[in-house]
Amino acid sequence: MNIFEHHLKEIQNLILTKNDILKLEKIENLDKINLEVPPEQFNFDLSCNIAMILGKSNKLNPKKLAEKLRELFLDQIKNFSNVEVAGPGFLNIKLSKSALKENINSILKNNENYGSNKTNETYNIEFVSANPTGPMHVGHCRGAIYGDVLANLLTFNGNKVVKEYYINDYGSQIKNFVESVYFRILEIKFKKPFPKKDNLYPGLYIKDIAVKILNKNDNLDIKDFEKNFEYLKKKSLEESMQLIKNDLKLLGIKHDNFFSETEIVNKDLVSKAINNLKKKKYVEKGFLQPPKGEKNDNWKKVERLIFKSTLFGDDSDRALQKNDGSWTYFANDVAYHMDKVNRGYNNLVNILGADHTGYIKRITAAVSALSEKKIKLNCKVCQLVKLFKNGEPFKMSKRAGDFISAQDLLSEVDKDPIRFMMLNRSNDVEIDFDFDKVKEKTKDNPVFYVQYAYARINSLLGALNTSLVKKIEINEIDFNLNEMEEKIIRKVFEWPKIIESASRKFDLHKIPFYLYELSTLFHAYWSKGNEDKRYKFIENQKIKRKEILAIINLVAIVIKNGMRILDVSLPKKM
RNA sequence: GCGCUCUUAGCUCAGCUGGAUAGAGCAUCGGUUUUCUAAACCGAGGGUCGGAGGUUCGAAUCCUCCAGAGCGCGCCA
């Protein structure tokens with residue numbers, strides 16, 4: 001339990017048991033009462049909106065009610081040493097020394113678990129799922145890191161998480177891909193020029209794949225494409241998945257489960273899923289309207305099976321069969337998601353790129369239909385990554401073969417700054433990713449700045465000949481914090497709230513932002529000694545006050561826990 | 001034409017289950033080092049929260065409309 005919840009309960013209990021003093025007509029909306037961090041200029045530990053909530057229900061002036069509550073708090077809650085009314089009726093609260101001491105000791109004791117709220121759910125997170133027709137590009141990296149860190153965060157918060165990758169190894173794109181490999185093999189073995197056809201992948205990585213396949217099987221009789229198709233498909237996919245897994249590994253990402261689309265088709269899971277929906281009358285034969293966007297030559301008015309996704313909020317119903325009666329990509333995906341539903345997760349999550357936004361409504365509709373609205377698929381979209389280098393923006397296009405690959409990125413920048421920077425922005429906004437900025441070793445680079453704070457802590461401990469492993473506890477009855485230390489403590493108290501809100505809305509950027517803010521306070525604390533000797537930490541090789549040791553331990557604990565979720569390293573020396 | 005996302009300081013962005021004087025970083029200008037890492041710190045200026053209405057004690061935050069930017073809108077995957 002975090003300190004906000006803890007003290008909020010105290011307040012709620014007080015209201016319920018002491019209304020003979022308050023004499024309120026209505027005690028309601030207690031769940032709307034919030035305990036928050038007050039704005040810095042107020043110099044209090046907690047801030048409560050209770051007077052505004054109860055004032056509204058009872059039609060009382062919130063400021064007057066706040067005055068009454070202030071007296072009640074001071075009289076009844078021993079953990080509060082000072083309470084003041086501010087603004088429209090906020091109650092600003094200072095914790096007593098014993099309450100502070102208790103909270104601090106509890107954090108020191110919790111250590112690597114500090115911040116976890118123990119929510120205890122199960123999640124399946126599908127992410128990356130890049131087409132296995134080539135290596136990952138930079139855009140994939142963002143979704144990959146987002147998914148990985150979301151999994152870390154939810155795990156840290158007490159949940160069971162499965163990280164999953166859906167391999168789109170079926171359909172016409174794969175055929176084109178295999179054909180491209182085939183022509184590259186002909187090129188290598190018989191000097192036959194690679195044809196200039198629109199459906200082929202011109203990228204040079206295809207050549208690498210061809211070489212690898214040839215090296216592993218020199219006697220390959222390659223004359224007939226149709227005859228060799230299944231073999232070539234298998235080998236080509238193995239190679240390109242290896243490329244992708246390698247990129248993921250370099251980014252520090254490992255999925256728990258790889259699920260193949262071909263397998264879904266082979267096991268005929270699609271018919272099962274469609275029959276399931278037919279029984280519920282969500283799938284019927286029918287005709288669809290022509291597409292509204294650009295003109296499409298493929299469109300034909302043919303009767304086919306249709307999923308009535310408009311019943312679940314989609315803009316139009318969706319085709320499950322192509323002109324020739326075979327299943328669409330969407331139909332396969334419905335089957336895949338039925339499998340996920342049947343596996344019994346409480347929560348399904350898909351991380352998508354911005355170009356798949358239009359797909360969200362139909363697939364969430366499918367999950368609602370399959371689970372009778374019991375399971376909600378939560379789709380998160382990561383917006384584009386715009387690359388900059390020397391002021392020149394890069395363009396990405398997988399078809400053209402001139403995209404910036406994950407490898408290109410990783411060859412210039414380490415995984416740690418990539419991970420941090422990709423998350424240092426809300427997933428809803430585009431990122432300007434600057435190669436040069438990310439490599440800087442200055443405070444302009446937030447990754448460095450946070451790492452440096454941690455390195456400074458270790459350097460201080462080194463000077464004291466001690467380490468973070470050694471557990472400490474505040475036992476003194478009386479201890480005094482200076483202004484800077486109070487600020488840091490308050491920030492540290494906020495950590496579980498950050499975890500809670502980041503988990504609830506999948507707002508991962510809150511973690512790097514928070515770590516940066518905490519590091520700012522720490523650097524200021526550290527530097528204070530430069531201006532004023534009284535703020536120096538060490539005197540005659542000894543720590544001046546035990547409070548200092550407690551503070552730096554708290555900061556270290558939170559930075560470690562935060563960076564562990566981000567999976568960004570923390571060097572002890574820099 | 002439709003859907004999703006965005007519009008907050010010169011630039012890049014936080015803040016959005018409604019609350020206190022709207023915050024950071026960069027850039028600009030000015031300071032700080034005989035002492036634990038100056039790879040850092042401190043200070044200053046800078047805002048009609050895209051526009052217009054509405055809801056209410058209170059709106060950057062919720063609702064409606066409008067404008068601009070991006071992504072998408074096949075029975076491709």
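First the proteins, then the strands, lettered A, B, ... as listed; each starts at 1.
- Within the 6.0 Å centre-distance limit, the rings of A:Tyr282 and A:Phe312 are counted as a close aromatic pair.
- Spacing between atom NZ of A:Lys386 and atom C1' of B:C13 amounts to 13 Å, rounded to whole angstrom units.
- Listed candidates were B:A20, B:C71, B:G25. Nearest to the side chain of A:Tyr516 is B:G25.
- Residue A:Pro291 is classed as a sugar-phosphate contact, given heavy-atom separations below 4.0 Å to backbone atoms only.
- Among the nucleotides B:A77, B:A20, B:U5, the one closest to any side-chain atom of A:Asp428 is B:U5.
- Taking the six-membered ring where tryptophan is involved, the planes of A:Phe307 and A:Phe330 are tilted, since the angle between them lies from 30° to 60°.
- As rounded to the nearest Å, B:A59 and B:G15 have C1' atoms that lie 14 Å from one another.
- Nucleotide B:C76 holds its C1' atom 17 Å from the CZ atom of A:Phe177, rounded to whole Å.
- For the P atoms, the distance from B:G31 to B:C13 is 32 Å, rounded to whole Å.
- Ring geometry for A:Phe433 against A:Phe435 counts as perpendicular: the plane angle is over 60°, on a 0 to 90° scale with 30° as the lower cut.
- Of the possible polar contacts, one joining the A:Asp317 side chain to the A:Thr310 backbone as a donor-acceptor pair under 3.5 Å is found.
- Rounded to an integer number of Å, the gap from A:Gln41 CD to B:A24 P is 10 Å.
- Counting non-hydrogen atoms under 4.0 angstrom, A:Asn61 reaches nothing in the nucleic acid.
- Using a 4.0 Å heavy-atom criterion, one finds that A:His509 contacts the sugar-phosphate atoms exclusively.
- In this structure, the ring of A:Tyr516 has its center less than 6.0 angstrom from the ring center of A:Tyr449.
- A distance-only check finds a donor-acceptor pair linking the side chain of A:Glu485 to the backbone of A:Asn482 [under 3.5 Å].
- Comparing the P positions of B:A22 and B:C49 gives a spacing of 10 Å, expressed to the nearest Å.
- Ranking B:U37, B:A20, B:C13 by closeness to the A:Phe90 side chain, first place goes to B:A20.
- As judged by a 4.0 angstrom heavy-atom cut-off over every strand, A:Glu430 is placed among residues touching the sugar-phosphate backbone only.
- Checked by atom type and distance alone, the side chain of A:Asp432 never pairs as donor or acceptor with a backbone atom of A:Lys386 at under 3.5 Å.
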Can you check nucleotides 58-63 of chain B for protein contacts, nitrogen or oxygen pairs under 3.5 Å, and list what you find?
from: B:G58; atom 1: O6; to: A:Lys56; atom 2: NZ; distance (Å): 3.3

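- Contact annotation for A:Arg318: no contact, since no heavy-atom pair falls under 4.0 Å across all strands.
- A:Ser129 places a side-chain N or O within 3.5 Å of a backbone atom of A:Tyr166 that can act as its donor or acceptor partner.
- Of the candidates B:C13, B:A77, B:U35, B:C13 carries the atom nearest the A:Val429 side chain, counting heavy atoms from C-beta on.
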* **Worked verdict on A:Leu461 versus A:Ser467 for side chain to side chain contact (heavy atoms under 4.5 Å, CB included)** => CA-CA 6 Å; A:Leu461 293 169; A:Ser467 75; 5.5 Å; no

* Can you give one letter per nucleotide of nucleotides 38-43 of chain B, 5' to 3': B if a protein heavy atom sits under 4.0 Å from the base, S if only from the sugar-phosphate, - if neither? -> SBSSS-

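- Classification of the A:Phe537-A:Trp526 ring pair by plane angle, with boundaries at 30° and 60°, yields perpendicular.
- Cation-pi contact between A:Lys301 and A:Phe287: present, with separation from the ring centre below 6.0 Å and deviation from the ring axis of at most 45°.
- B:G47 and B:U32 have their P atoms separated by 29 Å, given to the nearest Å.
- Regarding A:Lys505, its NZ atom lies at a distance of 13 Å from the P atom of B:U5, rounded to whole Å.
- Contact check, A:Lys510 against B:C13: no side-chain N or O comes under 4.0 Å of OP1 or OP2.
- At least one cation-pi condition fails for A:Lys380 and A:Tyr146: the charged atom is not both under 6.0 angstrom from the six-membered ring centre and inside a 45 degree cone around its axis.
- Residue A:Phe513 has its side chain nearest to B:C13 when only B:C71, B:C13, B:A77 are considered.
- In this structure, A:Gln41 places its CD atom where more than 12 heavy-atom neighbours from other residues, nucleotides or ligands lie under 6.0 Å away.
- The CZ atom of A:Phe42 sits 13 Å away from the C1' atom of B:A22 (whole-angstrom rounding).
- For the P atom pair drawn from B:C2 and B:G45, the interatomic distance equals 47 Å after rounding to whole Å.
- Between the CG atom of A:Asn540 and the C1' atom of B:C36 there is a distance of 13 Å, rounded to whole Å.
- The aromatic rings of A:Tyr336 and A:Phe259 are tilted relative to each other, their planes meeting at an angle between 30° and 60°.
- Separation of the P atoms belonging to B:G46 and B:G54 is 31 Å when rounded to the nearest angstrom.
- Looking at which nucleotide of RNA chain B each of A:Asn296 and A:Tyr525 is closest to, the 5′-most match is held by A:Tyr525.
- Atom CZ of A:Phe537 is separated from atom P of B:U37 by 11 Å (rounded to the nearest Å).
- Mapping A:Val381 and A:Arg504 onto RNA chain B via the closest heavy atom, the residue that lands nearer the 5' end is A:Val381.
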* Structure fact -> Its dot-bracket string being built from Watson-Crick and G-U pairs below 3.5 Å, with | for another strand and [ ] for crossing, RNA chain B has the pattern (((((((..((((.........)))).(((((.......))))).....(((((.......))))))))))))....

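- Interface remark: the A:Ser47 side chain does form a donor-acceptor pair with the B:A20 base, using a distance-only criterion of under 3.5 Å.
- Remark: the separation of the C1' atoms in B:A69 and B:C26 is 23 Å, to the nearest Å.
- We find that CD of A:Glu84 is positioned 18 Å from P of B:A20, with the value rounded to whole Å.
- As judged by a 4.0 angstrom heavy-atom cut-off over every strand, A:Glu517 is placed among residues making no nucleic acid contact.
- One C1' atom belongs to B:G1, the other to B:C62, and the distance between them is 28 Å to the nearest Å.
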